[in-house]
Amino acid sequence: MRKKTGAALLSAIIPGLGQFYNRQWLKGLVFLLVGSAGIYYIAHDLMGHLHGLITLGEFPSRMVKVGKLTRMVEGDHSIFMMINGLMALLALLFYTAFHLLNIRDAFLVGAARERKEPIHSFAESLRAMGRRNFAYLVLAIPFVAVVFLTILPLVFSVLLAFTNYADPILPPAHLVDWVGFGNFNKMLSLDVWSSTFGGVLTWTLIWAVIATATTYIGGVLIAVLIHQPRVRCKKLWRTLLIVPFAIPNMISLLVMRNMFNNQFGPINSYLRALGLEGVAWLTNPFWAKVTVILANMWIGIPVTMILAFGVLTTIPKDMYEAAEVDGAGSFYKFRMITLPMVLFATAPILIMQFAGNINSFNVIYLMTNGEPVNPNYQYAGHTDLLVTWLYKLALNQSQYSFASVIGIVIFLMVATFSIWSYRRTRSFKEEDMIA
Amino acid sequence: MKLRLTEALKTFGSHLLLIVLSFISLFPAFWIIMSSFKTGNSLFSDSLIPKNFTFVHYKELFEQTKYLLWFMNTLKIAALSTLLGTFCCC
């Protein structure tokens, strides 16, 4: 038999054996130790956890008769079993990667032996690894950390969407089970869920578009307004208008909530003093939506304003002078010079703001908490976005599986939109327009 | 002559607009500052200028909590994460 196939086969059966066959004793010993530890661990521990991941527990909490007494026996905790199972799965993947590398190594060394090349000693192998694969060696630790600390929780929360983990089925009293796409089906076809989902999704999209547009346009316009040559004390205006940015959202939103209060709020009392009837800012479904958008403008405009300032100072003055010589008015100058330059520089940020507004938790939660309540909705109010609904489902109602479904929907929406539009922006296509 | 009048009007309009906008942006901020001088524990109230001026909340903040420690912690985390975020992830 040819040496490379033989070595590879031997290594496939038991890690390290192919290396022994290639007369790399120390390397073979290391591989053998790692491999046998891995296989022992898989057989002893991981299989049980993997079984748990598939079944999600077999015994609920129950009363067991011990002699004359009946005692409560803790059942399987499906959620912990799921996390353990996932960790086992990832460990298994890591082991598989090691096993494949071990086969590949045996194969390559075997091939080198067929070509009558001298084989490396253990020290030489180590040195070669440090030289050729240094990047992988350094990246290995962060990679393992990312897999277990970032990817694992993500996969876990995605998997929850495919279980029936929702009140009243909560471990350890009850066992959670896999239900496939059942939750997605309910979300789309069961009337109570689908009407809420449709309504909240529509409002989320409307909110994201309006919130992004108002803050962006408002910010750019204010920046342009201050940037006019005729305006005095530019620094003063800039400072005054940036103040909302410096106040923690939570505080300013709570104060706003007080200011917009229907009965005692200052805004309504000023309106009444002017002889107008106050507006039901927070209790009327339509006005509540207007109120959150106004509050969001107050918070969001300064951010865009700062960005727009940065861009405005980079636009060369001679462009405007040339436009004036050609007889362009101020609107035309704005339309043909300022706007394209600002849009070009801030397009990626605009997209990020849109994506961020879909998930704008603070404004809605602190300002209205999703209220006024909509009686036709399942645990949601008129101003609830998908995120705040998700929060209510998971933390107030313990409907984890449905919350996870919404999380997946939000992720798909934001991710596809971001990728699609980012690839279309000019700053992505022509990276060097300004530079 | 007419051109100078429109120019003056535009300047006046711009400044007026800026004053209104600044008022809107500062009003809630001013409300927050005023709330800190009000007696009682609530942000909710119906008047802008407090009826009874008090510094008791400031006194409580520095005497009864470890505010300075919290503030330094915030500062450290903000500075470190800015530094690390800028130099490690580019």
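Values reported hereafter were calculated over all heavy atoms of this structure, with side chains retained and with hydrogens, waters and symmetry mates removed. Order of the sequence lines sets the chain letters (A, B, ...), proteins ahead of strands, with each chain counted from 1.
- Annotation: side chain of A/Trp237 is in contact with side chain of B/Ile19 (closest heavy-atom distance under 4.5 Å).
- Of all the listed residues (A/Ile247, A/Leu225, A/Ile222), the one sharing the greatest number of non-hydrogen pairs under 4.5 Å with chain B is A/Leu225.
- Comparing A/Ile242, A/Val243, A/Leu241, A/Ile301 by how many heavy-atom pairs each has under 4.5 Å with chain B, the most go to A/Leu241.
- Atom CZ in A/Arg230 sits 5.0 Å away from atom NZ in B/Lys10 (nearest 0.5 Å).
- Listed for the B/Ser25 side chain is a donor-acceptor partner under 3.5 Å among the backbone atoms of A/Leu240.
- Within a 6.0 Å radius of OH in A/Tyr332, other residues, nucleotides and ligands contribute 12 heavy atoms or fewer.
- Here A/Asn258 contributes atom CG and B/Ser35 contributes atom OG; the two are 7.5 Å apart, rounded to the nearest 0.5 Å.
- Put simply, the side chain of B/Trp31 never gets that close to the backbone of A/Ser252: no donor and acceptor are under 3.5 Å apart.
- With rounding to the nearest 0.5 angstrom, the CG atom of B/Leu18 is 12.0 Å from the CZ atom of A/Arg238.
- The number of heavy-atom neighbours closer than 6.0 Å to CD1 of A/Ile141, taken from other residues, nucleotides and ligands shown, is 12 or below.
- Within 6.0 Å of CZ in A/Phe245 there are 12 or fewer heavy atoms belonging to other residues, nucleotides or ligands.
- Crowding of A/Phe411 atom CZ: a count of heavy atoms from other residues, nucleotides or ligands under 6.0 Å not exceeding 12.
- In terms of heavy-atom proximity, B/His15 sits nearest to A/Arg232 at NE2-N, 3.2 Å.
- Residues A/Trp298 and B/Ile24 share a closest heavy-atom pair of NE1-O, 3.2 Å.
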